[in-house]
Amino acid sequence: MRTNPEKIGATLSHLARAMKTPTIAKVWEQLANTAREQGWTHEEYLAAVLERQVADREANGTSLRISTARFPAMKTLEDFNPDFQPTLRRDLIAHLGTTSFIPKADNVILLGPPGVGKTHLAIGLGIRACQSGYPVLFDTAAGWINRLSVAHQRHGGLAAEIKRLRRYRLLIIDELGYLPLDADSANLFFQLVASRYEQGSLLITSNLPFSRWGEIFADDTIAAAMIDRLIHHSEVLTLDGESYRTRTRRELLEKNTNITT
Ligand code: ADP
Ligand code: MG
């Protein structure tokens with residue numbers, strides 16, 4: 001079959017548009033030149049064109065998921081230095097990083113004092129989830145309560161909001177425990193946790209150990225019922241040690257004043 005090059009170009013542009021594969025429209029010509037120069041087979045050329053399209057689509061999907069997840073900062077698992085957390089099991093972090101807990105609707109709970117890297121790990125795991133193709137939504141506990149109470153003010157709004165949240169395979173709830181919740185907020189939060197039970201993953205960070213969650217919810221029974229549902233299928237990681245923020249600041253100061261400890 002011999003078709004003139006201009007006509008084939010127009011046909012390919014049209015077909016790429018119809019298939020919604022813009023990368024093919026962008027790369028077919030340049031790859032065809034390379035293929036001719038290097039003597040690729042037809043199959044090799046087709047595979048090269050399709051590979052570029054698939055790679056672009058995956059990259060676009062990931063960046064879209066990352067931007068809709070509303071992470072407060074970009075922190076990666078690769079940037080998390082496990083040497084600062086000697087008691088934390090590295091294999092567990094690596095395992096969580098594979099995001100295999102998400103299709104099982106398991107939860108992850110990160111506990112520990114301020115500055116030990118809970119938010120960093122939460123974002124890092126959230127980004128991995130986005131890369132694995134799972135929609136993620138991040139907010140602080142206060143942010144989630146606010147969102148749920150706004151929805152609750154509309155008739156039937158809470159149920160609709162909780163249903164809408166089902167499309168996120170991972171919800172990240174950061175900083176649970178910094179602010180105590182009143183009875184209404186505790187109830188809203190409980191409904192969110194109950195709705196996710198065995199349906200979708202939650203990743204929660206808290207500065208308080210479970211034994212003190214009664215203080216957050218001003219009610220030991222609600223706290224116990226919540227913990228029960230959360231930890232039934234979950235990994236609980238406790239981080240400790242000195243705050244990374246104070247530690248790096250102290251090390252900087254020591255370096256500049258030549259004090260050794
Ligand atoms: P937390 O949420 O526990 O209060 P953050 O995750 O906000 O702590 O950590 C405080 C700062 O220290 C962040 O900038 C974070 O990136 C950094 N950080 C904490 N732990 C580590 C670590 N192990 N490796 C690299 N950076 C860390
Ligand atoms: Mg934090």
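Note that the coordinates shown come from a computational prediction; the quantities given were computed from them, not determined experimentally. All ligand and atom numbering here is 1-based and tracks the order in the structure.
- Inter-residue side-chain proximity for Ser185 and Phe217 is flagged as unmet; no heavy-atom pair is nearer than 4.5 Å.
- Within the 4.0 Å heavy-atom criterion, the part of Asp79 lying near ligand 1 is the backbone and not the side chain.
- Residue contact check for ligand 1: Gly112 places no non-hydrogen atom closer than 4.0 Å to it.
- The protein atom (non-hydrogen) at minimum distance from atom 11 (C) of ligand 1 is Arg245 CG, 4.0 Å.
- Set against the non-hydrogen atoms of Lys118, the atoms of ligand 1 under 4.0 Å away are 1 (P), 2 (O), 3 (O), 4 (O), 6 (O), 8 (O).
- Those atoms of ligand 1 that come under 4.0 Å of a heavy atom in Pro114, given as number and element, are 4 (O).
- Scanning the protein heavy atoms around atom 21 (C) of ligand 1, the nearest turns out to be Tyr244 CD1, 3.3 Å.
- Protein heavy atom in closest approach to atom 13 (C) of ligand 1: Lys75 NZ, 3.7 Å.
- Protein heavy atom in closest approach to atom 2 (O) of ligand 1: Thr119 OG1, 2.7 Å.
- With Asp79 as the partner, the side-chain contact (heavy atoms from CB on, under 4.5 Å) test is satisfied by one option alone out of Leu77, Thr76, Asn81: Thr76.
- Ring geometry for Tyr45 versus Trp40: interplanar angle of 30 to 60°, hence tilted.
- More than 12 heavy atoms of other residues, nucleotides or ligands lie within 6.0 Å of CD in Glu78, so this atom counts as buried by the packing criterion.
- Defined by atom type and a distance below 3.5 Å, a donor-acceptor pair is missing between the side-chain atoms of Arg57 and Asn60.
- Checking Thr205 against the Mg ion (ligand 2), every N/O/S atom stays at or beyond the 2.8 Å cut-off.
- Between Asn107 and Ser234, the side chains place no donor N or O within less than 3.5 Å of an acceptor N or O (distance only, hydrogens not considered).
- The nearest protein atom to atom 8 (O) of ligand 1, hydrogens excluded, is given as Gly117 N, 3.1 Å; this is a heavy-atom distance.
- With a 4.5 Å cut-off on side-chain heavy atoms, Leu170 and Leu203 count as touching.
- Below 3.5 Å of separation, one finds no N or O of Pro82 facing any N or O of ligand 1.
- If you check which protein heavy atom lies closest to atom 16 (O) of ligand 1, you get His120 ND1, 2.6 Å.
- Side-chain contact check for Asp174 and Thr119: at least one donor-acceptor pair (N or O, by modelled atom type) lies under 3.5 Å.
- Contact atoms of ligand 1 toward Asn81: 22 (C), 23 (N), 24 (N), 25 (C) (distance under 4.0 Å to a heavy atom of the residue).
- The shortest distance between side-chain heavy atoms of Val116 and Phe84 does not fall below 4.5 Å.
- Of the protein's non-hydrogen atoms, the one nearest atom 4 (O) of ligand 1 is Gly115 N, 2.7 Å.
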